[in-house]
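See below for the structure under consideration.
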Amino acid sequence: MCIFCEIIAGNIPGKKIYEDEEFLAILDISQTTKGHTLVMPKKHYENFLEMPADEFGRLMETVQKTAAKVVENMHANGCNILINTNEIAGQTVMHAHVHIIPRYDEYDTVGFMFKPNELDLDAIQKQINQD
Ligand code: 5GP
Ligand code: ZN
């Protein structure tokens, strides 16, 4: 069983923020910022691409509800919603999950950098849209 399946099964403790029949939200052990929360399906999928679309839709409804509660009650000024998919993108636990990372000010410990690249947009569009 993966570590999140162990938490879902109650074999390993988790700080529960929300739970229903299909989904569980717990505090991330790393607390990148105060209130950093993970929302996951109780059913094991390696990543969100493996989930049926309707279940992923309900997961994101749960993320929205949970993020609103976290931001409001933690008095955050906003949040980042993050899904790491596969090792190259930083996924370390191979059980689908969504990060809710509350943001407080410009000095908190989260940083994303989007570096511009001069690439051929027409070629990329064609490649993505091929059948
Ligand atoms: P990923 O890098 O796969 O997107 O995120 C996995 C997250 O799970 C990490 O932020 C890490 O801190 C968190 N994590 C790993 N093991 C545990 C655990 O046993 N309990 C909790 N609550 N979080 C965990
Ligand atoms: Zn699992």
Side-chain angles (χ1 to χ4, degrees):
M1 247 202 263
C2 87
I3 187 105
F4 287 174
C5 282
E6 295 279 10
I7 292 172
I8 290 157
N11 300 331
I12 294 178
K15 299 285 183 204
K16 200 197 316 174
I17 298 299
Y18 176 82
E19 183 172 21
D20 63 24
E21 274 174 22
E22 279 187 302
F23 307 111
L24 176 69
I26 54 167
L27 289 181
D28 190 304
I29 207 160
S30 71
Q31 290 297 288
T32 297
T33 64
K34 211 163 141 186
H36 182 179
T37 297
L38 302 171
V39 189
M40 62 193 72
K42 288 187 170 175
K43 195 167 166 196
H44 181 93
Y45 301 98
E46 285 246 314
N47 62 52
F48 86 99
L49 293 173
E50 304 293 321
M51 294 181 70
D54 59 337
E55 189 174 347
F56 181 67
R58 291 191 297 276
L59 172 66
M60 293 312 285
E61 283 178 28
T62 305
V63 168
Q64 185 187 38
K65 247 187 327 201
T66 308
K69 176 168 111 165
V70 169
V71 167
E72 186 177 341
N73 290 344
M74 292 305 292
H75 309 295
N77 293 311
C79 64
N80 291 104
I81 301 301
L82 179 67
I83 303 178
N84 297 325
T85 303
N86 295 338
E87 209 178 324
I88 188 65
Q91 186 178 1
T92 57
V93 177
M94 295 300 154
H95 180 124
H97 58 279
V98 182
H99 293 257
I100 298 169
I101 305 172
R103 301 301 302 268
Y104 297 93
D105 58 44
E106 67 268 39
Y107 305 111
D108 63 27
T109 53
V110 185
F112 299 102
M113 198 162 60
F114 294 95
K115 285 188 291 181
N117 286 306
E118 287 189 17
L119 295 175
D120 182 345
L121 296 189
D122 288 332
I124 295 168
Q125 181 189 33
K126 207 165 147 196
Q127 185 171 349
I128 292 173
N129 287 339
Q130 70 189 316
D131 293 324

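We count residues from 1, following the sequence as given. Since we're looking at a predicted model, the values are computed, not measured. The analysis underlying the following values was restricted to heavy atoms, covering all of them including side chains, and did not include hydrogens, waters or symmetry mates.
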Restricting to side chain to side chain donor-acceptor pair (under 3.5 Å), what partner residues turn up for [X], sequence neighbours left out?
X: E6; value: N11
X: R103; value: N80, D108
X: K42; value: E19
X: S30; value: D28

message: Assigning hydrophobic clusters by single linkage (Ile, Leu, Val, Met, Phe, Trp, Tyr; side-chain heavy-atom cutoff under 4.5 Å), is V98 placed with I17?
response: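 No, separate clusters.
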
- prompt: Do I83 and V63 belong to the same hydrophobic cluster, where Ile, Leu, Val, Met, Phe, Trp and Tyr are linked whenever their side-chain heavy atoms lie under 4.5 Å apart, directly or via other members?
  reply: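 Looking at the clustering, V63 is in the same group as I83.
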
message: With a sphere of 6.0 Å drawn around CD of E21, does it hold more than 12 non-hydrogen atoms of other residues, nucleotides or ligands?
response: no

task: For atom CD of Q130, decide whether the heavy atoms of other residues, nucleotides or ligands shown that lie under 6.0 angstrom number more than 12.
output: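 Result for CD/Q130: enclosed.
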
query: With sequence neighbours left out, which residue pairs that include part of residues 47-62 fulfil the side-chain hydrogen bond (donor to acceptor under 3.5 Å, both in side chains) condition?
result: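 Qualifying pairs, neighbours excluded: E22-R58, Y45-E55, N47-N86.
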
Distance in Å, L82 CG paired with I100 CD1, rounded so as to fall on 0.5 Å steps: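 Here the interatomic distance stands at 11.0 Å.
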
Per-pair distances, 0.1 Å, donor-acceptor, side chain in residues 119-128, under 3.5 Å, sequence neighbours excluded:
residue: D120; atom: OD1; partner: D122; partner atom: N; Å: 3.1
residue: D120; atom: OD1; partner: A123; partner atom: N; Å: 3.1

Taking all heavy atoms of [X] and all of [Y], pick out the closest pair and write down the distance.
X: M51; Y: L59; result: SD-CD2, 3.9 Å
X: K43; Y: H95; result: O-NE2, 3.7 Å
X: I81; Y: A67; result: CD1-CB, 4.2 Å

- prompt: Which pairs count as ring-ring contact (aromatic ring centres under 6.0 Å, His included) when at least one residue sits in residues 98-131, sequence neighbours excluded?
  reply: H36-H99, H97-H99

message: Does anything in residues 56-83 form a ring-ring contact (aromatic ring centres under 6.0 Å, His included)? List the pairs, not counting sequence neighbours.
response: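 Checked against ring-ring contact (aromatic ring centres under 6.0 Å, His included) - neighbours excluded - the pairs reaching residues 56-83 are F48-F56.
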
- request: Determine which pairs satisfy salt bridge (charged side-chain N to carboxylate O under 4.0 Å, His left out) with at least one residue from residues 65-85, sequence neighbours left out, and list them in order.
  value: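 For residues 65-85, and leaving out neighbouring residues, there are no salt bridge (charged side-chain N to carboxylate O under 4.0 Å, His left out) pairs at all.
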
- prompt: Looking only at atom types and distance, does a side-chain atom of T33 sit under 3.5 Å from a main-chain N or O of P102, one as donor and one as acceptor?
  reply: yes

field: Q31 side-chain N/O to G35 backbone N/O, donor-acceptor pair under 3.5 Å
entry: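 Flag set: sc Q31 to bb G35 pair under 3.5 Å.
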
message: Using the side-chain contact (heavy atoms from CB on, under 4.5 Å) criterion, which residues pair with K15? Sequence neighbours excluded.
response: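 With sequence neighbours excluded, K15 shows a side-chain contact (heavy atoms from CB on, under 4.5 Å) to L27, given in chain and number order.
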
field: Connected-component partners of F4 among ILVMFWY, side-chain separation under 4.5 Å
entry: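 Result for F4 is I3, I7, I8, I12, L24, I26, L38, M40, V93.
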
